[in-house]
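Remember, it's 1-based here, ligands and their atoms both numbered in the order they're listed.
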Amino acid sequence: MSASSGPQPSAPTDPHSYARPTEVSVRHLALHLTVDFATQTLAGHATWQLTRSGAAATELLLDSRDLLIEEVLLGEADAGMPTDFELGPADPVLGQALRIALHPDTTAVTVRYRTAPGAAALQWLRPEQTAGTQPFLFTQSQAILARTWLPCQDSPGVRFTYEAQITVPTQLLALMSASNPQQLRPDGRYHFRMEQPIPAYLMALAVGDVQFEPLSARTGVYAEPATLPGAVDEFADLEQMVATAEEMYGPYRWERYDLLVLPPSFPFGGMENPRLTFVTPTILAGDRSLTSLVAHELAHSWSGNLVTNATWNDFWLNEGFTVYFERRIMERLYGRPYAEMLQALGHAGLLHTLADLGPTSPDTHLYLNLAGRDPDEGLTDIAYEKGDYFLLTLEQLVGRPALDTFIKEYFGSHAFQSMDTTSFIRYLRRELLDSHPGLEARLRPEAWIYGPGIPDNAPPVGSERFAAVDAAGQSWQQGTPASQLPTANWSSHEWVRFLNQLPANAGVAQLSELDATFDFTNSGNSEILAAWLPRTIAAGYTPAEEALHRFLTRVGRRKFLTPLYKELLAAPANGPARARRLYAKARPNYHTVATSTLDALLGRPTDK
Ligand code: BES
Ligand code: ZN
């Protein structure tokens, strides 16, 4: 493989890492861990092979947070020499620098360590929190949580290959962002290899009672036994998605593409862990209506995993391209009107976020300034939807064939490298803008990237199918009974649009009529529930209370939880008290990614 490891020659410094990869960088990891559910810890060692750039490179700096470092050796685990190390001051977000002085001939370093029981990346689930009878563990490393389960150079501009040996209870399967087993091993020992260099935020591990079912020669799905059959049906088009993506932007570079369906407390919709995307079970709608999320995570196999944002300030390069690519995949598979609905929902979300952040907020720039902040709190819809909108603007100016050639070439020429915003603009000029006179003036990339809001050269966004939904909504507001609305062939996207277009002050009588007709409260579609339940809170529509409580205590997906708790807080009478009571009850089921956002919103419950 011609893939390169280590930092880019001109990489910008990463404000969220203590590492100094231009001096000494990591190149390969051998990870040995034992998973202990009783103490909720991982224990073992990590051996890093190093690349040193000159005689001045005398010290290795790794990121760590809440790790218990037991010993550091210069060299391999079995032959290394114990050495002193130093842990720098602890920052609540960045953790601590682990400084290791190197000898002139040191080429590898081994760290023996264990994780803290509350390690932020890890969620340890009791059997009751799963679909089965066994405990479950999963990691979530993006953006800067890898350092809570692994001492590493936790910067997206630093890539390494890895091998791992993970020991787990014998009735459980272990999976990683690497070559994976398809069956239990009687000794509970699993070996993994990731031969393509990846950044630390793509390190992932899951351990649970999961089984595998193939979907095609190179795709398949892992899930708990009770969840597997439904998942196999839901993701039946997975091979077609991969094939379509390859037709557009070049070969899939990671060999296999599998999905792992997690228990419902997973804090995201999906996470693009290489070779093994992690997904929430809340996309198992039974009708394949929420699979654009899979197209999104798959698209990251190019935008993100192959060409990676250099720092979290450049996050739009990961997510903007991915949203654009996701919708192109969906258009090719399911047609333009379908993709237009996704576009319109995304656009409505963007307008919402812009209104939230305010018209001049620097957080509405594509290029962010997250120094001194937890990146997780600064990463919003802007990178996704404004990033996509920027590419749509470019598409409309140069046409699809020219844009597709550019994107394919961009992925191909920067494979297994990182990209920062300045370098991207330079590349865009050289490959596209400079050869089309007047294009830069019409595109105004700097206004999009370094300015707030939506520049006025953005193309209009519309959806025929939503126009029909909006007309139905209007007619209902003017008195047409719900039962007479033309909803026969509506997909979940149309229902979500319908719910989002309801007047803000819809009251109990109106919601009752809708619920009696469409049974939203008992919907099995999480997107419909997530659009419906806030309405019921605002109106004080009590027949949905039980469904709300069930949702809040079962589902840990932050995107759904945040709006629900905000609505609860804003509810009249004892809204805040109720919000806090429900939160105190549900919080033990949430991952730290969700609780860190919700604690800030609701306060940290004291009685737990
Ligand atoms: N990589 C992101 C998830 C992420 C972003 C985790 C930033 C931590 C920090 C993933 O690809 C993603 O965007 N997931 C979305 C779904 C997508 C369809 C918009 C999600 O989880 O909601
Ligand atoms: Zn994404």
Side-chain angles (χ1 to χ4, degrees), residues 16 93 120-121 123 138-148 154 156 177 198-204 241 259-262 264-274 276-283 285 289-309 311-330 339 342-343 345-350 353 368 370 373-388 493 496 526-527 530 555-563 591-594 596-597:
H16 297 109
V93 174
Q123 192 172 10
F138 66 86
T139 64
Q140 168 56 44
S141 298
Q142 196 183 12
I144 58 168
L145 303 180
R147 64 191 69 177
T148 71
D154 196 4
S177 50
I198 62 165
Y201 80 89
L202 296 176
M203 287 296 296
M241 278 189 181
L259 301 176
L260 168 63
V261 181
L262 289 144
S265 65
F266 185 58
F268 291 106
M271 177 64 214
E272 65 272 26
N273 298 131
L276 184 67
T277 282
F278 285 17
V279 297
T280 168
T282 62
I283 58 168
S289 61
L290 304 179
T291 58
S292 62
L293 187 137
V294 173
H296 177 97
E297 305 312 334
L298 169 66
H300 274 306
S301 305
W302 288 260
S303 43
N305 299 3
L306 201 56
V307 184
T308 308
N309 51 207
T311 74
W312 300 114
N313 291 334
D314 308 295
F315 184 57
W316 76 277
L317 291 173
N318 272 19
E319 296 297 344
F321 275 86
T322 296
V323 170
Y324 177 77
F325 193 178
E326 161 204 335
R327 294 192 183 139
R328 291 289 304 278
I329 294 170
M330 295 307 280
L342 300 177
Q343 192 63 52
L345 287 175
H347 188 252
L350 174 60
T353 303
L368 298 171
L370 299 171
R373 287 195 278 169
D374 183 345
D376 201 49
E377 300 300 324
L379 302 179
T380 68
D381 244 21
I382 296 293
Y384 294 77
E385 295 296 339
K386 186 180 171 182
D388 167 68
H493 307 301
V496 168
S526 61
E527 292 283 350
V555 174
R557 191 172 167 189
R558 183 174 62 176
K559 174 188 111 165
F560 290 156
L561 297 177
T562 310
H591 187 278
T592 63
V593 156
S596 62
T597 302

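Side-chain N or O atoms of S289 include none that pairs as donor or acceptor with a backbone N or O of A285 at under 3.5 Å. Between the T148 side chain and the A121 main chain, a donor and an acceptor come within less than 3.5 Å of each other. Remark: the backbone N or O of D154 is paired with a side-chain donor or acceptor of R147 at under 3.5 angstrom. Judged purely by atom type and a 3.5 angstrom limit, H296 has no side-chain atom pairing as donor or acceptor with the backbone of E272.
For E319, the N, O or S atom closest to the Zn ion (ligand 2) goes by the atom name OE1. Restricting H296 to its N/O/S atoms, the shortest distance to the Zn ion (ligand 2) is reached by NE2.
For atom 2 (C) of ligand 1, the nearest non-hydrogen atom of the protein is E319 OE2, 3.4 Å. Scanning the protein for heavy atoms near atom 10 (C) of ligand 1, the closest one is G270 O, 3.3 Å. Considering only non-hydrogen protein atoms, atom 15 (C) of ligand 1 sits nearest to E297 OE2, 4.1 Å. For atom 13 (O) of ligand 1, the nearest non-hydrogen atom of the protein is Y384 OH, 2.7 Å. At the shortest separation from atom 5 (C) of ligand 1 among protein heavy atoms lies Q142 OE1, 3.5 Å.
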Start with the C-alpha gap between N305 and W302, add the side-chain angles, then the distance that decides, and say whether side-chain contact (heavy atoms from CB on, under 4.5 Å) holds.
-> CA-CA 6 Å; N305 299 3; W302 288 260; over 6 Å; no

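Considering T277, L298, I283 in turn, T277 is the only one that fulfils the side-chain contact (heavy atoms from CB on, under 4.5 Å) rule with L259.
The shell of residues lying under 4.0 angstrom from ligand 1, judged by heavy atoms, includes F315. Contact analysis puts Q140 in contact with ligand 1, with a non-hydrogen atom separation below 4.0 angstrom.
Numbered from 1 in the order shown, with element, the atoms of ligand 1 that lie under 4.0 Å from a heavy atom of H300 read 11 (O).
Side-chain polar atoms of Q343 and D388 form a donor-acceptor pair below 3.5 angstrom.
In this structure, R557 is positioned above the aromatic face of F560, its NZ or CZ under 6.0 Å from the six-membered ring centre and within 45° of the axis.
For ligand 1, the polar-atom distance check against G269 finds a nitrogen or oxygen pair separated by under 3.5 Å. In terms of polar-atom proximity, defined here as any N/O pair under 3.5 Å, H296 does make such a contact with ligand 1. In terms of N/O distances under 3.5 Å, ligand 1 is approached by E272.
Between D314 and N309, the shortest heavy-atom contact is O-CB, 3.3 Å.
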